[in-house]
Undergrad: 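Quick one: the structure is below, and I'll ask about it shortly.
Start at 1 with the first residue, then count along the sequence.
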Amino acid sequence: MLQVTDAAVSVLRSEVLHEGEPAQQDEPATAVRLRPAVTNNGRQTVTLQPVMGPEPGDAPTEAENLDVFVAPELAGPLDSGILDAQATPEGPELILREQSDQS
């Protein structure tokens, strides 16, 4: 099961759910869903989508204080991963690492 660190939860709350900003819609999203996507140049990527809840087949993650769901196509490949955040000069960046990594 994908693990989500507290640092990543903080970034997801501020950057994906836009918590703390004036509401843009009647019912703001309360969860985040990771789903596969393809870039313009054909590369596979992962998209972070604000949602109200899981879609059929989604896998829950281990995250404190935020519901994070993984699309079925990504659940297997991300099962042993950790979603984390690190500071960069451009702002916080989400990174994916293996659970065996200690960095």
Undergrad: Mind listing the closest non-hydrogen atom pair of A63 and V68 along with its distance?
TA: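 Closest pair (atom of A63, atom of V68, distance): CB-CG2, 4.1 Å.
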Undergrad: If you round to the nearest 0.5 Å, how far is CZ of R97 from CD1 of I82?
TA: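 The CZ atom of R97 is 4.0 Å from CD1 of I82, to the nearest 0.5 Å.
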Undergrad: For T5 and A85, which heavy atoms make the closest approach, and how far apart are they?
TA: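 Result for this residue pair: OG1-N, 4.1 Å.
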Undergrad: Drop me the distance from L2's CG to L83's CG, to the nearest 0.5 angstrom.
TA: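 If I round to the nearest 0.5 Å, the distance is 6.0 Å.
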Undergrad: Is a donor from one side chain sitting under 3.5 angstrom from an acceptor on the other, for Q3 and T61?
TA: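 The answer is no; no qualifying pair exists.
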Undergrad: Atom CG of D79 and atom CD of Q99: how far apart are they, to the nearest 0.5 Å?
TA: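 So the gap between those two atoms works out to 7.5 Å.
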Undergrad: Among pairs that include at least one residue of residues 64-77, which meet salt bridge (charged side-chain N to carboxylate O under 4.0 Å, His left out), considering only residues two or more places apart or in two chains?
TA: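 Every pair satisfying salt bridge (charged side-chain N to carboxylate O under 4.0 Å, His left out) with a residue in residues 64-77: there are none.
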Undergrad: With E15, which residues qualify under side chain to side chain contact (heavy atoms under 4.5 Å, CB included), at least two apart?
TA: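 Expected list: V11.
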Undergrad: Give the minimum heavy-atom separation between P60 and F69, together with the two atoms involved.
TA: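 Taking P60 first and F69 second, the nearest heavy atoms are CA-CD2, 4.1 Å.
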Undergrad: In terms of hydrophobic clustering (I, L, V, M, F, W, Y; side-chain heavy atoms under 4.5 Å; direct or indirect links), are L74 and L12 co-clustered?
TA: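 Result: yes, single cluster for both.
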Undergrad: Without placing hydrogens or testing angles, list every side-chain donor-acceptor pair under 3.5 Å for residues 41-59, not counting sequence neighbours.
TA:
residue : atom : partner : partner atom : Å
N41     : OD1  : T39     : OG1          : 2.4
N41     : OD1  : R43     : N            : 3.4
D58     : OD1  : R33     : NE           : 3.2
D58     : OD1  : R33     : NH2          : 3.0
D58     : OD2  : R33     : NE           : 2.7
D58     : OD2  : E55     : N            : 2.9

Undergrad: Hey, could you give me the CG/CG distance between D84 and L96, rounded to the nearest 0.5 Å?
TA: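 Reported to 0.5 Å precision, the distance equals 9.5 Å.
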Undergrad: In a check of side-chain contact (heavy atoms from CB on, under 4.5 Å) between L66 and each of V16, V9, T30, which one passes?
TA: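 For L66, the side-chain contact (heavy atoms from CB on, under 4.5 Å) test succeeds with only one of V16, V9, T30, which is V9.
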Undergrad: In Å, rounded to the nearest 0.5 Å, how long is the span from OG of S14 to CD of E19?
TA: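 Taking OG in S14 and CD in E19, the distance rounds to 8.5 Å.
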